[in-house]
Amino acid sequence: MTLIENNKNRKLFFLNTVSSSLVIMVHEDNYVFLPYFGSKIEASDIDYIIDGITEANYMADTDNKKKFQLELIPQIYPSYGYTDLKEPAFHFVHKDGSRITDLRYKSHNIYKTKKKLNGLPTVLSNDDSEVLELTLFDELKKVEVIITLAVFEKHNAFTKSVKVINKNPSDDLYIEKIMSANIDIQESNFELIHLAGAWARECHIKRRRLEQGMQSIGSIRGASGHGQNPFAALISPNTDENNGEVFAMNFVYSGNFIISAEADMHLNTRFQMGINDFDFGWTLMPNEEFQTPEAVLIYTNKGLGDMSRTFHKLYQDCLMSNKYAYKERPILINSWESNYFDFNKESLLKLAEEGKNIGAELFVLDDGWFGKRNDDKTSLGDWTPNEQKLGGSLSSLIDDVNKKGISFGLWVEPEMVSPDSDLFRKHPEWAIQVKGRKIETSRHQYVLDLSNPEVCDYIINFMTELLSKNNITYIKWDMNRNITNLGSSYLKPERQKEQAHRYMLGLYRVLDNIVNAFPNVLFESCAGGGGRCDAGMLYYMPQVWTSDDTDAIERLVIQYGASLVYPSISLACHISDIPNHQTRRKERIETRANVAMWGNLGLELNLNKISEEDKKVITQKLEIYKSIRSTVQFGSIYRLKGLNAQNEYAWMHKSIDEETIVVNYVQICVIPNLVTKRLRLEALDSKSKYKVNDSEKLYTGSELMNIGLMLGEILEDAFAIQWIIKKVN
Ligand code: GLA
């Protein structure tokens, strides 16, 4: 980080990565501005950016004296009430009822090695982080705001979060809105790209022109949600995988969020991310503080592909705290789509054995193993194994599974309670509810009030017991409904608006405890598929069940979208049965397997019921996957086709050592009378020679990138082809 102080008494902080720069300026009036965010520039006195801003505003004074129209000036944390009439980054209500806060620079602190945020998931690096803490202060109301900006130089990324401290010795402070990040850009010729969808349709790419006014995406569901992912980017028009300017934000948080882009009347854009301010409120007593979650900011002028690879590397190196970040993930076989609730010891052991024979390494017992749970109407909260159904104790089942030569994983849904459960009968007040009103069920269940520490302790205790007593190497942590009837019998009436965020803080405390106590357990997060697919969860659980939709064609769209932000190793992708349980489609096994090789491959089908021929293909495919697993899981991804969701999808993974390239192509519908086409690769060494599958001929990187691979004749729908390419010199 470089600090320049010029003769006008202005400070310029240059936060530079290998290819981008974020520049903060402290003005002599102690306003804090953001003169520049973009491609890397060397540190120099660029305060002319601010001086050169003309006073086009109709509120401008006419006496020729330069006076700030704050609305025109790019800021790092704009406030409400002065000459900026755009959306502020925060909104405080003071004891006297006033809502104006005048934050001015008080001090700064620069240090190496970013610190963990208290109680929140954090992007961290021991050897690639430097931090600028800017302390701003409102003299009249004695409110301090600390903006923490971290730069990850080698990773081309920044993080930003905000802490508010009420330094007023006698008055409390009410926070109505507090964003984690605000970026003002002196341009509005952008498109907004983000990921939207629904259950079974997560992470579909949406892209639209930014128009004057406020555009936002968000969630008030109590989770980041299936509907909108906490990611958005402003991109220059026509941006594609390899070209175009991208200003991207991703939230390291799993609850209610909002991302807004406001294109203003002066053709500038304000881009914000934070906890959704709808139904949010937080009281700070004297000397109390509030810490926001953090946002990740990335700038590139090399298109969406570079943005994605930047997120992926950052998350694998600096977010996934679990030791599994760089550990190959096991191929699992999950009992859900195979058996649903209908199983006994014999059928489970048969599935585990078949799984082992076919090449799986981990057997996962999904829902239905506890309480009286033979359907989804009962027993969440009663986490006692159903020994009658399991034919004995859970640990004896695990022993028997292990004897088959395969490890054991288990499904849990700890944040929930069924109305028909001993837990609810004992603690009805633990369910989220508004007293006197009927609680709505969804999937026949209620949500536990994790704003109550006692509820969190109950989860920590039963999970600790479960994991200490049993040889469990994997946990699928599910969360199958969103929050309605928001209300807490634990929180005081004036604190009710804190509940949604306190729920997340409670959940993070629970996860911190369990994940740290059992570092050898691999955790997978799930919320009815990708209902909580976010960087907050990835911090604790290094993989996510991407979607309950296991149809290969649907998965192309979902995995393509998710890969915009989340690395391949974090995306669980299973081979499932036909007709597919969500769409009734019948893709052939090769296609289902190749698409599942996008990420972290698993199986989700009854192996006892499929044809011998399909079994043979799966066995071969799992062998292939094992040989390319490190390339897919640790390498970098290049999306070759599919951004505009048309008929073709193609992607390639390149290993860290750049020696192995795995290429996949899928064409969804047959095109009649088509002449053979080719697929051009990317990011190879043009002069090196490559062997494609078992070909005799060697191809130069330049041939593969400019001429491409021959696709051959395609005579069927959902056609898939895979190439494994090795660099030979
Ligand atoms: C959710 C998950 C599924 C499965 C079921 C079990 O829907 O997404 O994979 O675990 O719960 O009830």
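When a ligand or atom number is given, it counts from 1 through the structure's own listing order. Computed from heavy atoms alone, side chains included, the values below leave out hydrogens, waters and symmetry copies. Numbers for residues simply follow the sequence, beginning at 1. Nothing here was measured: the structure is a model prediction, and the numbers come from that model.
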S.K.: Quick one: does W336 get an N or O within less than 3.5 Å of an N or O on ligand 1?
M.R.: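 No.
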S.K.: Is there any N or O on C526 that sits under 3.5 Å from an N or O of ligand 1?
M.R.: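 Min N/O separation from ligand 1 is not below 3.5 Å for C526.
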S.K.: Within less than 4.0 angstrom of ligand 1, does R443 place any heavy atom?
M.R.: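 Heavy atoms of R443 do come under 4.0 Å of ligand 1.
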S.K.: Using a plain distance cutoff, I'd like to know if W411 has any nitrogen or oxygen under 3.5 Å from a nitrogen or oxygen of ligand 1.
M.R.: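 Between W411 and ligand 1, an N or O pair is found under 3.5 Å apart.
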S.K.: Number the atoms of ligand 1 from 1 as they appear, then name those within less than 4.0 Å of a heavy atom of W545, with their elements.
M.R.: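 Contacts of ligand 1 toward W545, numbered from 1: 8 (O), 9 (O).
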S.K.: Heavy-atom pairs closer than 4.0 Å: do any link ligand 1 to the side chain of E413, the backbone, both, or neither?
M.R.: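 No part of E413 is near ligand 1 at this cut-off.
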S.K.: Answer yes if the side chains of N344 and S347 hold a donor-acceptor pair under 3.5 Å, and no otherwise.
M.R.: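 The criterion, which ignores hydrogens and geometry beyond distance, is satisfied for S347 and N344.
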S.K.: Among Q543, M320, K327, find the one that has a side chain to side chain contact (heavy atoms under 4.5 Å, CB included) with I569.
M.R.: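 Filter result, single survivor: M320.
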S.K.: Can you tell me if D548 contacts ligand 1 (heavy atom of the residue under 4.0 Å from the ligand)?
M.R.: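 Per 4.0 Å heavy-atom rule, D548 contacts ligand 1.
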S.K.: Just need the protein heavy atom nearest to atom 9 (O) of ligand 1, so name the residue and atom and give the distance.
M.R.: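 So the nearest neighbour among protein heavy atoms is K476 NZ, 2.7 Å.
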S.K.: Side chains of Q445 and R481, heavy atoms from C-beta outward: is any pair under 4.5 Å?
M.R.: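 Sidechains of R481 and Q445: in contact.
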S.K.: So that I can tick it off, tell me whether E361 and R629 are bridged by a salt bridge, with the cut-off set at under 4.0 angstrom between side-chain N and carboxylate O.
M.R.: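 Result for this pair is yes, salt bridge flagged.
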S.K.: In terms of side-chain geometry, is the basic nitrogen of E524 or R329 positioned less than 4.0 Å from the acidic oxygen of its partner?
M.R.: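 R329 and E524: not salt-bridged.
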S.K.: Tell me: protein heavy atom nearest atom 12 (O) of ligand 1, and distance?
M.R.: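 Nearest neighbour among protein heavy atoms for atom 12 (O) of ligand 1, to 0.1 Å: D367 OD2, 2.6 Å.
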S.K.: Ring centres under 6.0 Å, that's the criterion: do W336 and F341 meet it?
M.R.: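 Yes: the rings meet the under 6.0 Å criterion.
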S.K.: Any heavy atom of E604 sitting closer than 4.0 Å to ligand 1?
M.R.: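 Checking ligand 1 against E604, which is what was asked, there is no heavy-atom contact under 4.0 Å.
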S.K.: Establish, yes or no, whether a centroid distance under 6.0 Å links the rings of Y540 and W477.
M.R.: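 No, the ring centres sit 6.0 Å or more apart.
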S.K.: Please report which non-hydrogen protein atom sits nearest to atom 2 (C) of ligand 1, along with the residue it belongs to and the distance in Å to one decimal place.
M.R.: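 In this structure, atom 2 (C) of ligand 1 has D478 OD2, 3.1 Å as its nearest protein heavy atom.
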S.K.: For atom 10 (O) of ligand 1, find the nearest protein heavy atom and state the residue, atom name and distance (0.1 Å precision).
M.R.: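 Minimum-distance protein heavy atom for atom 10 (O) of ligand 1 reads D366 OD1, 2.6 Å.
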S.K.: Check N334 against ligand 1 and report side chain, backbone, both or neither, counting heavy atoms closer than 4.0 Å.
M.R.: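 No part of N334 is near ligand 1 at this cut-off.
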S.K.: Check each atom of ligand 1 against the heavy atoms of G529 and keep those under 4.0 Å away; list them by number with element.
M.R.: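 What qualifies from ligand 1 is 8 (O).
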S.K.: Classify the ring geometry of Y253 against Y508: parallel below 30°, tilted from 30° to 60°, perpendicular beyond 60°.
M.R.: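 The arrangement is perpendicular - the two ring planes meet at more than 60°.
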S.K.: Using the rule side chain to side chain contact (heavy atoms under 4.5 Å, CB included), only one of M537, E413, M541, K476 pairs with C526; which is it?
M.R.: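 Passing option: K476.
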